[in-house]
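Structure, as structure tokens:
What you see is a predicted model; the values in this text were computed from it and never measured.
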2 protein chains.
Amino acid sequence: MLQRPDPFNAQCPTRQVLDRIGDKWAVLILIMLDRETLRFNALRRRIENISQKMLSQTLKSLERDGLVRREVFATVPVTVEYSLTELGRTLAKTVEALTLWAESHIEAVQEAQRRYDRGGHEMN
Amino acid sequence: MLQRPDPFNAQCPTRQVLDRIGDKWAVLILIMLDRETLRFNALRRRIENISQKMLSQTLKSLERDGLVRREVFATVPVTVEYSLTELGRTLAKTVEALTLWAESHIEAVQEAQRRYDRGGHEMN
DNA sequence: GATCGTTGGTATCCGTTGGTTACCAGAACA
DNA sequence: TGTTCTGGTAACCAACGGATACCAACGATC
């Protein structure tokens, strides 16, 4: 029997999932892999400023959560392909709604920041 | 003129917004304040395990982004009410979609974790 | 034959960040 | 007089993220 979902309770398993979303790199990887299957270094080149360590670390935890599939091919040098599982695809769809929000409201946020930084911050 | 939105480019302002989502506490605060206006310590009691420091810090940056409104009342002791702005409400709605995903897929994720931790991890 | 570049990582260090604890003012309450 | 409530700030410390170096094994270049 599951305990009542309550993201504000630290013991709730839903919070684990929310903490995963609270991972900048995980979000970017999910969006990227939803577009196409990619190899390790291809992902690395596309997501600017991600270090090898964070990429392999994040991919590993995404794989553990059943969101990303990892396939190794015995080529030379070895090829490793990453793609989304069906579960991962459903999450990616939800996460893309966030990027849409970001793209359409970025100007309002930046305007608010400028107002706040000027000192007087009146809000509506 | 805005540069083309590209969350994978570190210079893109959209990434700033995405980084904000990548803040565990910010997400929880947004959801909480979408339900009701709350005072500082009321928020603190509801969101378990958040420290005073992180709460005031996160609230401050949410206010700067124009997502949260802060109102001080000259009672004694002083009362500070936090509520969402209209901008904040639209983001909260988007973020709640994520918690819905979390609640409905938490079992699948946990099952994947158990499979992964047992060693052999086959994926579908 | 030596060096470089490619693959996909791991190991190490170090600075920034998050979290814990202590402390503050000011009034009510016991 | 001490305690509690309010909403914070300051200091300290562990933990995490990020940069750098390094690894094996092979192809291509010099």
Side-chain angles (χ1 to χ4, degrees), chain A residues 7-11 15-16 18-30 32-33 36-65 68-83 116 121, chain B residues 7-11 15-16 18-30 32-33 36-65 68-83 116 121:
Chain A
F8 303 99
N9 180 322
Q11 264 65 49
R15 176 99 155 238
Q16 296 174 13
L18 229 48
D19 285 354
R20 163 134 324 296
I21 308 300
D23 180 345
K24 174 173 72 174
W25 299 125
V27 169
L28 293 173
I29 290 173
L30 277 174
M32 202 76 251
L33 290 183
E36 54 183 328
T37 294
L38 285 170
R39 311 224 303 265
F40 185 86
N41 280 324
L43 255 173
R44 190 160 126 71
R45 277 185 295 266
R46 268 170 227 237
I47 303 179
E48 295 188 9
N49 287 4
I50 191 170
S51 63
Q52 284 185 322
K53 178 187 158 188
M54 288 314 296
L55 181 54
S56 70
Q57 206 173 88
T58 308
L59 282 170
K60 205 177 293 179
S61 64
L62 287 172
E63 188 194 359
R64 187 174 105 94
D65 290 349
V68 158
R69 178 181 10 224
R70 185 188 125 109
E71 286 171 293
V72 182
F73 299 96
T75 57
V76 66
V78 64
T79 300
V80 182
E81 273 189 4
Y82 290 94
S83 55
Y116 185 93
H121 39 287
Chain B
F8 303 99
N9 180 324
Q11 264 65 49
R15 177 98 156 237
Q16 296 174 14
L18 228 49
D19 286 355
R20 163 137 320 298
I21 308 300
D23 179 346
K24 174 173 70 173
W25 299 123
V27 169
L28 293 173
I29 290 174
L30 277 174
M32 203 74 249
L33 290 182
E36 54 182 329
T37 295
L38 284 170
R39 310 223 303 266
F40 186 85
N41 279 324
L43 256 173
R44 189 160 127 72
R45 277 186 293 266
R46 270 170 226 239
I47 304 179
E48 295 188 9
N49 288 3
I50 191 170
S51 62
Q52 285 185 324
K53 179 188 158 188
M54 288 315 296
L55 181 55
S56 70
Q57 206 173 87
T58 308
L59 282 170
K60 205 177 293 179
S61 66
L62 286 173
E63 187 194 0
R64 187 173 106 95
D65 291 349
V68 158
R69 178 179 7 211
R70 187 188 125 109
E71 287 171 291
V72 182
F73 299 96
T75 57
V76 65
V78 65
T79 301
V80 183
E81 273 189 3
Y82 290 94
S83 55
Y116 186 93
H121 39 288

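The side-chain heavy atoms of B/Leu62 and B/Ile29, taken from C-beta on, include a pair separated by under 4.5 Å. Side-chain contact check for A/Leu55 versus A/Leu43: some heavy-atom pair is nearer than 4.5 Å.
For A/Asp23 and C/dG18, the CG to C1' distance is 15 Å, given to the nearest whole Å. A/Leu28 places its CG atom 15 Å from the C1' atom of D/dG17, with the value rounded to the nearest Å. Going from atom CD1 of A/Ile50 over to atom P of C/dG8 covers 14 Å, rounded to whole Å. What separates CD of B/Gln57 from P of D/dG8 is a distance of 13 Å, to the nearest Å. Note: CZ (B/Phe73) to C1' (D/dG7) measures 14 Å, nearest angstrom. Atoms CG (A/Leu59) and C1' (C/dG8) sit 11 Å apart, rounded to a whole Å. Distance, A/Asn41 CG to C/dG5 P: 15 Å, rounded to whole Å. Atom pair A/Gln52:CD and D/dT20:P shows a separation of 12 Å (rounding to whole Å applied).
When the side-chain nitrogen and oxygen atoms of A/Lys24 are compared with OP1 and OP2 of D/dG18, one or more of them lie within a distance under 4.0 Å. A sub-4.0 Å separation between OP1 or OP2 of C/dG8 and a side-chain N or O of A/Arg44 is absent. Contact annotation: A/Lys60 reaches the phosphate of C/dT10 (side-chain N/O to OP1 or OP2, under 4.0 Å). An OP1 or OP2 oxygen of D/dG18 is reached within less than 4.0 angstrom by a side-chain nitrogen or oxygen of A/Trp25.
Which of C/dG8, D/dT6, D/dG17 sits closest to the side chain of B/Arg45 comes down to D/dT6. In the set D/dG18, C/dG18, D/dG7, D/dG18 carries the atom at the smallest distance from any side-chain atom of A/Met54. For A/Lys53, taking side-chain heavy atoms from C-beta onward, the closest of the listed nucleotides D/dA19, D/dG7, D/dC26 is D/dA19. The side chain of A/Phe40 sits closest to C/dG9 out of D/dG18, C/dG9, C/dT7. Nearest nucleotide to the B/Val80 side chain, out of C/dT20, D/dG8, D/dG18: D/dG8. Closest to the side chain of A/Pro77, out of D/dC26, D/dG8, C/dT6, is C/dT6. For A/Ser56, counting side-chain heavy atoms from C-beta on, the closest listed nucleotide (D/dG7, C/dG9, C/dG18) is C/dG9.
Smallest separation of non-hydrogen atoms from B/Phe73 and B/Val78: O-CG2, 3.3 Å. Heavy atoms only, all atoms of each residue included: B/Ala42 and B/Leu38 are closest at CB-CD2, 3.9 Å. Among all heavy-atom pairs drawn from B/Tyr82 and B/Val68, the shortest one is CD2-CG1, 3.8 Å.
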